[in-house]
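First up is the structure itself, then whatever we jot down about it.
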Amino acid sequence: MTNPTVASLRARIGTAIDNNPAPGTGTVLERVTFWLQLPTNTMFDGMRDKLCEARGARVGTVLSPGAGGLFDPADLSAAGDITAKWTAISQRLHADRAVTVKGPTDHVGGPKSLFIRPDGAGFHVIVLLATGNDGGPGGRPFFLAFDPDVSAAAEARLTWTTKKTVGDTATKVSALTHADAVAHIKLMLLANDPNSFGPLIRKYYFDTALAFPAISRAGTGQ
């Protein structure tokens, strides 16, 4: 059970994918990279860009039909009333606004993300879409988030890798039709189950009473 509902979120996401970028503009590769942070190839030897912050703002904006648009909250690792910050985030989500959240990559990124570094450096940005409770009211609370990083989880990697994408990403994606590209983006976000989501939308069980770990900017992490 989520707020907004699964059905309304799926409709919102599907419409946003259909309309962004505007049909008939840009290349197929630009269309896919608008939504997804892509590997260099289906062996996941590296990632094509580190633009998580810009991409998060972009997709968060088109997924925010509510008045006020995308919400960028105060630093969740900074001193202050962390519970109040999460309350503000929940209020925006319930008003059909997406929320961008930045944190250390190993805190907000998926377990398989190529951006996770042994030294803990670097940050990642995800886009919160809803709150929820496992099993309905009274169940374990969670936040539902879209993480554009295709490398983030094993299921995401498997879903990305099809006969049409196997090999060099730029080459294979550029050979897709726009219709194929839209279908593949929807597969990654929405899957084929009207009651669920694809592997890039997952639950986060944040402790809303604790501040995020501080971001380390050592080295060259994202």
Side-chain angles (χ1 to χ4, degrees), residues 2 6 9-10 13-14 16-17 32-56 58-60 63 76 93 98-134 140-169 172-173 181-207 212-213 215 221-222:
T2 63
V6 170
L9 284 174
R10 286 181 57 87
I13 293 166
I17 293 172
V32 178
T33 55
F34 179 99
W35 288 94
L36 307 180
Q37 191 166 27
L38 299 174
T40 54
N41 54 52
T42 42
M43 295 298 291
F44 289 85
D45 293 323
M47 298 297 281
R48 296 192 72 250
D49 69 61
K50 295 184 177 182
L51 303 177
C52 71
E53 198 162 13
R55 186 176 285 102
R58 187 168 65 218
V59 298
L63 291 173
L76 293 173
L93 295 175
V99 178
T100 50
V101 168
K102 180 191 292 187
T105 307
D106 59 1
H107 189 67
V108 301
K112 295 285 188 179
S113 174
L114 291 184
F115 295 112
I116 294 177
R117 291 163 50 94
D119 63 3
F123 68 89
H124 193 54
V125 176
I126 57 174
V127 181
L128 302 188
L129 300 172
T131 63
N133 293 86
D134 286 336
R140 185 184 182 192
F142 63 83
F143 287 84
L144 195 67
F146 166 41
D147 179 359
D149 177 7
V150 172
S151 77
E155 185 182 1
R157 294 178 178 221
L158 288 171
T159 304
W160 171 253
T161 306
T162 68
K163 290 181 179 179
K164 291 184 177 182
T165 61
V166 69
D168 177 76
T169 296
K172 301 298 285 193
V173 170
V182 167
H184 210 59
I185 296 166
K186 287 184 176 180
L187 182 66
M188 298 297 293
L189 275 74
L190 300 176
N192 296 310
D193 181 350
N195 299 307
S196 187
F197 294 98
L200 293 184
I201 296 180
R202 59 181 183 265
K203 298 175 181 178
Y204 282 78
Y205 297 94
F206 293 126
D207 186 338
F212 271 24
I215 293 171
Q222 178 169 344

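Here the structure is a predicted model, which is why all the values come from computation and not from measurement.
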Results of side-chain hydrogen bond (donor to acceptor under 3.5 Å, both in side chains) for Lys112 - residues two or more places apart only: none

Using only atom types and a distance under 3.5 Å, with no angle test, would you say the side chain of [X] pairs donor to acceptor with the backbone of [Y]?
X	Y	result
Arg48	Gln37	no
Thr40	Gly46	yes
Thr2	Val6	yes
Thr159	Met188	no

Nearest heavy atoms of [X] and [Y], plus distance in Å:
X	Y	value
Lys186	Ile17	CG-CD1, 3.8 Å
Val125	Gly56	CG1-CA, 4.4 Å
Phe212	Gly103	CD2-CA, 4.0 Å
Gly120	Asp106	CA-OD2, 4.4 Å
Ala152	Asp147	CB-OD2, 3.5 Å
Ala98	Val127	CB-CG1, 3.7 Å

Would you say that [X] contacts [Y] through its side chain, given a criterion of any heavy-atom pair below 4.5 Å between the two side chains?
X	Y	result
Phe44	Thr161	yes
Leu189	Phe197	no
Ile13	Ile201	yes

Pair Val101-Phe143, side chain to side chain contact (heavy atoms under 4.5 Å, CB included): steps then yes or no: CA-CA 11 Å; Val101 168; Phe143 287 84; over 6 Å; no

How long is the straight-line distance from [atom2] of [Y] back to [atom1] of [X], given to the nearest 0.5 Å?
X	Y	atom1	atom2	answer
Met47	Thr169	CE	OG1	8.5 Å
Leu158	Thr42	CG	OG1	11.5 Å
Trp160	Leu38	CH2	CG	4.5 Å
Leu200	Trp35	CG	CH2	11.5 Å
Ile126	Thr105	CD1	OG1	11.0 Å
Lys50	Leu114	NZ	CG	11.0 Å

Parallel, tilted or perpendicular, as decided by the 30° and 60° cut-offs, for the rings of Tyr205 and Phe142: perpendicular

Geometric class of the Phe115/His124 ring pair [parallel <30°, tilted 30-60°, perpendicular >60°]: parallel

CA sep, side-chain torsions, deciding dist, call: Leu9, Phe146, side chain to side chain contact (heavy atoms under 4.5 Å, CB included): CA-CA 11 Å; Leu9 284 174; Phe146 166 41; over 6 Å; no

CA sep, side-chain torsions, deciding dist, call: Phe123, Glu53, side chain to side chain contact (heavy atoms under 4.5 Å, CB included): CA-CA 9 Å; Phe123 68 89; Glu53 198 162 13; 3.6 Å; yes

Among Val32, Leu36, Thr162, side chain to side chain contact (heavy atoms under 4.5 Å, CB included) partner for His184: Thr162

Over 12 non-hydrogen atoms of neighbours within 6.0 angstrom of CG in Asp45: yes

Lys164 atom NZ, over 12 foreign heavy atoms within 6.0 Å: no

Arg55 vs Asp49, side chain to side chain contact (heavy atoms under 4.5 Å, CB included): CA-CA, chis, key distance, verdict: CA-CA 10 Å; Arg55 186 176 285 102; Asp49 69 61; 2.8 Å; yes

